[in-house]
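Naming: A, B, ... by sequence-line order, numbering from 1 per chain.
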Amino acid sequence: MHEWALAEAVIKTALEVMKKEGGKKVVEINIVIGKLQTIDMDAFNFALGELIEGTPAESAKINFEYENPVFKCINCGYEWSIESLDKLLGEDEIEAIHFVPELSHIFIKCPNCNSPDFDVIKGRGVYIKSIKIQE
Amino acid sequence: MDPRITIIKDRLSSVKRIIAVASGKGGVGKSMVSTGLALLLSKKNHKCGLLDLDFHGPSCHIILGVDKLELIEEKGIIPPTINGIKFMSIVHFAEEKPVAIRGKEVSNALIELLAITRWGNLDYLIIDLPPGMSDEALDIMRLIKNQEFLIVTTPSKLSMGVVEKLIKFLKSMNANITGIIENMVMTESNIVEEFARKNKVRYLGKILYDSELESCIGSIECLLKTKFIQNLLEILEYMKSLSC
Ligand SMILES: Nc1ncnc2c1ncn2[C@@H]1O[C@H](COP(=O)(O)OP(=O)(O)O)[C@@H](O)[C@H]1O
Ligand SMILES: [Mg+2]
Ligand SMILES: [Zn+2]
């Protein structure tokens, strides 16, 4: 379960921010989930729940916001988004992208010019949008 | 905020010594040296990891002769073990497909790997880098603070010319340089020793050109019997005696 490793990163970061800002409690963590990485939300939520236990983030409210992946072709400038990877890719391909989203370049091509040379401008993976701390 | 950055130092906190194998040039033997060191260290019962960070030209798996390996997922990814070496590479995910990614994405893939890989306790982690001042080299300097750089060059002016730039750059970044290995030596000379002296970097020793080496790529058993490995072993003994 590699969601655990990402959840660990989120909680550790929240606690570090809290310490740095001299807070005593983390009250809210706002997480953006880029859907290119196809995070298993049950596993991710479970890990977050376990990891905050007994820490100053124990009672934090954890909110999620989801982002569909948006790509921009470097070759022709075309911009496109993908709503669901399942319709486009096989299980093994989705799994490879799940571990390392940059591997999308192997499997996804620009729908306009067929180039694999694109930027992922949105919806890559997990990041923290904001954290609320109590003094 | 990228949560992955904070976890990287935790992932490497139980690794005693991190050695990044670098060079200005490609084709000078970085991957052979990295993989050879990992094999020698694990043979001597050191807990050793090998991280192939050359995303555009991963090679360590070819040298070790491994195909796609099953990954163990346990609160992250535990690198598969080959001959006692914990081995991590982009090929575990991409197999033999070309990974055409640019600067920022190279960083992103590298950060992801460092954030999810659980190395556990290691005596040594060897990192195989792409040539030059690559994104990968710049990133590990930014993300991993306690590593040392092992520089490989051939006794060619072409190689030493670019290696000199790399050394200057590493020094300007206050990176820790273990020393220089001279590889693929075909004639007697001390030009690399002198080059090392001039650049105030330790000369660690030479590896002769080994015409049998190619036929052993892909077979660990065969590799361990090569002259290449014998030469590398002498260098390793010297490196250990320095132990920083
Ligand atoms: N001492 C040596 N004797 C003979 N061939 C060598 C020696 N060192 C490396 N090679 C060969 O040189 C080539 C490049 O080596 P490699 O490790 O892939 O270089 P790099 O990683 O620096 O690009 C490989 O074919 C390898 O087998
Ligand atoms: Mg190489
Ligand atoms: Zn295009």
Side-chain angles (χ1 to χ4, degrees), chain A residues 1-17 19-20 29-34 36-37 40 43 46-48 50-51 71 74-75 92-109 115-121 124-131, chain B residues 1-13 51-56 58 68-80 88-120 135-136 139 143:
Chain A
M1 186 169 79
H2 122 280
E3 274 75 6
W4 185 282
L6 297 172
E8 239 181 330
V10 168
I11 300 307
K12 173 123 209 268
T13 305
L15 292 172
E16 262 183 31
V17 169
K19 247 195 239 152
K20 226 182 257 160
I29 309 175
N30 294 303
I31 304 173
V32 177
I33 306 280
L36 184 59
Q37 193 160 27
D40 175 342
F46 171 77
L48 289 169
E50 297 274 301
L51 286 160
F71 309 89
I74 292 172
N75 184 43
D92 288 353
E93 295 170 342
I94 290 176
E95 190 180 61
I97 297 173
H98 168 62
F99 287 118
V100 185
E102 283 58 49
L103 297 183
S104 56
H105 289 266
I106 302 176
F107 311 112
I108 296 174
K109 305 264 174 308
S115 169
D117 192 10
F118 53 78
D119 281 328
V120 182
I121 56 179
R124 176 200 179 273
V126 177
Y127 75 90
I128 301 176
K129 194 171 173 189
S130 60
I131 297 167
Chain B
M1 217 180 316
D2 187 343
R4 299 170 302 166
I5 306 287
T6 21
I7 205 77
I8 290 176
K9 55 177 182 307
D10 282 35
R11 299 284 183 245
L12 295 169
S13 62
L51 172 60
D52 191 337
L53 275 189
D54 189 346
F55 292 157
H56 295 126
K68 188 182 192 290
L69 293 158
E70 282 304 313
L71 292 170
I72 307 163
E73 275 189 72
E74 203 190 301
K75 299 189 169 179
I77 291 173
I78 298 175
M88 192 60 166
S89 166
I90 194 81
V91 297
H92 295 341
F93 311 99
E95 299 175 39
E96 288 305 324
K97 299 176 202 74
V99 181
I101 52 175
R102 289 165 176 263
K104 211 161 56 75
E105 300 193 308
V106 171
S107 293
N108 241 328
L110 181 148
I111 291 168
E112 196 79 31
L113 278 191
L114 290 177
I116 64 178
T117 307
R118 305 190 83 103
W119 295 99
D135 294 311
E136 291 90 332
D139 271 320
L143 299 165

Within the 4.5 Å heavy-atom criterion, are Met1(B) and Val17(A) side-chain neighbours or not? yes

Can you tell which part of Ala115(B) gets under 4.5 Å to a heavy atom of chain A, answering side chain, backbone, both or neither? backbone

At their closest point, which heavy atom of Phe99(A) faces which heavy atom of Ile116(B), and how far apart are they? O-CD1, 4.0 Å

Looking at every heavy atom in both Ala109(B) and Val100(A), which two are closest together, and how far apart are they? CB-CG1, 3.7 Å

d(His2(A) NE2, Ile72(B) CD1) to nearest 0.5 Å is 15.5 Å

To the nearest 0.5 angstrom, please state how far the CH2 atom of Trp4(A) sits from the CD atom of Glu74(B). 11.0 Å

Out of curiosity, Ile5(B) CD1 to Thr13(A) OG1, how far, rounded to the nearest 0.5 Å? 9.0 Å

Of the listed Val10(A), Val120(A), Asp117(A), the one with the largest count of heavy-atom pairs under 4.5 Å with chain B is Asp117(A)

Is Asp92(A) close to chain B through its backbone or its side chain, or both, or neither, when contacts mean heavy atoms under 4.5 Å? neither

Lys/Arg-Asp/Glu bridge criterion (N-O < 4.0 Å) met for Asp119(A), Lys104(B): no

Looking at Lys97(B) and Glu93(A), is there a salt bridge between them, counting it only when a charged N and a carboxylate O are closer than 4.0 Å? no

Find the one option among His92(B), Arg118(B), Arg102(B), Glu95(B) whose heavy-atom pairs under 4.5 Å with chain A are most numerous. Arg102(B)

Counting heavy-atom pairs under 4.5 Å with chain A, which one of Ile101(B), Thr117(B), Thr6(B) comes out on top? Thr6(B)

Is Ile90(B) close to Glu102(A) at the side-chain level, that is, under 4.5 Å between some pair of heavy atoms? no

With chain B, which of Glu95(A), His98(A), Arg124(A) has the greatest number of heavy-atom pairs at distances under 4.5 Å? Arg124(A)

How far does CG of Asp10(B) sit from CD of Glu8(A), to the nearest 0.5 angstrom? 7.5 Å

